[in-house]
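The block underneath contains the structure these notes are about, expressed in structure tokens.
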Amino acid sequence: MNKINSDIAYLIELLRNKGIIFTKGLSDKEILDIEETFRFTFPPDLKLFLQIALPISNGFVDWYSTKDVKSRLDWVFEGIAFDIRNNAFWHADWGEKPDSLAEQIHIAELFYNNCPKLIPIYSHRFLPASPCEMGNPVLSIYQTDIIYYGNDLLTYLCNEFGIRNYKSSFQREEPKHIEFWSDFL
């Protein structure tokens with residue numbers, strides 16, 4: 001874990017050099033409180049990143065604001081519901097599309113509530129909470145337009161903030177398949 005700690009600490013310094021503002025990282029208790037409140041578990045790489053130093057620049061999640069976190073979590077399903085209402089979206093795994101719009105949204109919500117939870121990172125970028133292991137991809141989500149934005153957390157941060165030629169000891173060559181979410185890609 002020491003190599004991972006030093007990789008993340010070095011990346012945080014590179015991000016600081018790009019103008020990202022950080023404050024003291026989250027404590028173990030703060031992490032547990034967030035996990036209990038929002039019913040997800042931080043994967044180890046994201047947990048470590050947030051505990052070493054907490055990004056507070058515009059666009060990053062305000063983990064001290066329940067309202068901010070909740071609105072970002074709700075935003076994902078609101079985007080799916082928007083596409084159902086306005087763009088006739090229907091995912092093949094949901095079965096036959098009902099005629100009733102209310103029933104369509106109800107079915108989508110049932111599937112959504114049973115898929116891997118997403119953890120907001122920055123703007124409309126999310127990291128799946130499951131599997132709860134290092135190396136989950138970061139997804140860019142805007143309604144049902146979902147793409148991989150990084151094969152893993154560190155690759156994503158390098159991509160998002162223009163850090164070139166940085167390789168960590170645990171970057172992935174390809175994104176991991178994530179149940180439900182990868183099916184949108």
Side-chain angles (χ1 to χ4, degrees), residues 1 4-5 8 11-12 15 20-84 91 93-94 105-157 160 175-185:
M1 199 67 138
I4 295 166
N5 283 10
I8 291 175
L11 179 61
I12 288 169
L15 290 168
I20 305 302
I21 301 167
F22 288 86
T23 191
K24 180 178 158 274
L26 296 171
S27 68
D28 287 339
K29 181 178 180 345
E30 289 168 328
I31 290 283
L32 284 173
D33 288 347
I34 292 166
E35 291 175 334
E36 287 176 7
T37 300
F38 298 105
R39 295 188 302 259
F40 63 70
T41 301
F42 286 105
D45 46 357
L46 179 57
K47 178 180 175 182
L48 189 56
F49 177 75
L50 297 174
Q51 288 192 299
I52 291 174
L54 184 65
I56 58 171
S57 292
N58 285 341
F60 280 97
V61 180
D62 180 354
W63 290 106
Y64 293 110
S65 168
T66 300
K67 181 180 177 182
D68 183 44
V69 177
K70 183 172 178 355
S71 72
R72 289 174 189 248
L73 293 171
D74 291 346
W75 186 82
V76 175
F77 183 73
E78 289 167 6
I80 293 170
F82 177 88
D83 274 357
I84 292 169
H91 195 284
D93 289 351
W94 298 345
I105 291 177
H106 175 72
I107 290 169
E109 189 170 24
L110 289 174
F111 273 86
Y112 176 78
N113 288 336
N114 288 301
C115 70
K117 296 232 184 249
L118 297 174
I119 302 171
I121 305 293
Y122 174 83
S123 184
H124 55 281
R125 315 290 195 241
F126 295 82
L127 185 121
S130 177
C132 190
E133 58 191 32
M134 293 183 68
N136 288 345
V138 173
L139 304 172
S140 176
I141 300 177
Y142 196 86
Q143 293 161 226
T144 55
D145 181 13
I146 300 173
I147 62 169
Y148 289 119
Y149 218 69
N151 294 348
D152 53 70
L153 179 64
L154 270 66
T155 302
Y156 156 70
L157 290 167
E160 185 76 62
K176 194 185 288 188
H177 182 314
I178 303 297
E179 177 191 341
F180 183 74
W181 297 109
S182 292
D183 296 339
F184 280 87
L185 305 166

Which of parallel (below 30°), tilted (30 to 60°) and perpendicular (above 60°) describes [X] and [Y]?
{"X": "Y112", "Y": "F77", "answer": "tilted"}
{"X": "F111", "Y": "W94", "answer": "tilted"}
{"X": "F38", "Y": "F40", "answer": "parallel"}

Between Y142 and W75, is the ring centre distance below 6.0 Å? yes

Do [X] and [Y] have side-chain heavy atoms sitting under 4.5 Å apart?
{"X": "I34", "Y": "L32", "answer": "no"}
{"X": "I119", "Y": "P128", "answer": "no"}
{"X": "F60", "Y": "L54", "answer": "no"}
{"X": "Y64", "Y": "I56", "answer": "no"}
{"X": "I178", "Y": "P116", "answer": "yes"}
{"X": "P120", "Y": "L73", "answer": "yes"}

Please lay out, stage by stage, how I12 and F49 fare under the test side-chain contact (heavy atoms from CB on, under 4.5 Å). CA-CA 8 Å; I12 288 169; F49 177 75; 3.6 Å; yes

[X] side-chain N/O to [Y] backbone N/O, donor-acceptor pair under 3.5 Å:
{"X": "Q51", "Y": "L48", "result": "no"}
{"X": "D45", "Y": "M134", "result": "no"}
{"X": "T37", "Y": "D33", "result": "yes"}
{"X": "E35", "Y": "F42", "result": "yes"}
{"X": "N114", "Y": "L110", "result": "yes"}
{"X": "N136", "Y": "P131", "result": "yes"}
{"X": "W181", "Y": "L139", "result": "no"}

Nearest 0.5 Å, what's the [atom1]-[atom2] distance between [X] and [Y]?
{"X": "E36", "Y": "T41", "atom1": "CD", "atom2": "OG1", "answer": "9.5 Å"}
{"X": "I146", "Y": "I141", "atom1": "CD1", "atom2": "CD1", "answer": "4.5 Å"}
{"X": "H91", "Y": "I84", "atom1": "NE2", "atom2": "CD1", "answer": "10.5 Å"}
{"X": "L118", "Y": "H124", "atom1": "CG", "atom2": "NE2", "answer": "13.0 Å"}
{"X": "D152", "Y": "L46", "atom1": "CG", "atom2": "CG", "answer": "12.0 Å"}
{"X": "I52", "Y": "L26", "atom1": "CD1", "atom2": "CG", "answer": "12.0 Å"}

For residues [X] and [Y], report the shortest heavy-atom separation together with the two atoms involved.
{"X": "R72", "Y": "G59", "result": "NH1-O, 3.2 Å"}
{"X": "S140", "Y": "Y149", "result": "CB-CD1, 3.8 Å"}
{"X": "H177", "Y": "Y148", "result": "CA-OH, 4.2 Å"}
{"X": "V61", "Y": "V69", "result": "CG1-CG2, 3.8 Å"}
{"X": "V138", "Y": "L153", "result": "CG2-CA, 4.0 Å"}
{"X": "A53", "Y": "P55", "result": "O-CD, 3.6 Å"}

Applying side-chain contact (heavy atoms from CB on, under 4.5 Å), run through T155 and L157 and close with a yes or a no. CA-CA 6 Å; T155 302; L157 290 167; over 6 Å; no

Looking only at side chains, do S57 and Y122 share a donor and an acceptor under 3.5 Å apart? no

Looking only at side-chain N and O atoms, does D74 offer a donor or acceptor that is under 3.5 Å from a partner on S71? no

Check whether more than 12 heavy atoms from other residues, nucleotides or ligands sit under 6.0 Å from atom CG of D93, and answer yes or no. yes

Walk me through whether K176 and E133 qualify under side-chain contact (heavy atoms from CB on, under 4.5 Å). CA-CA 11 Å; K176 194 185 288 188; E133 58 191 32; 2.9 Å; yes

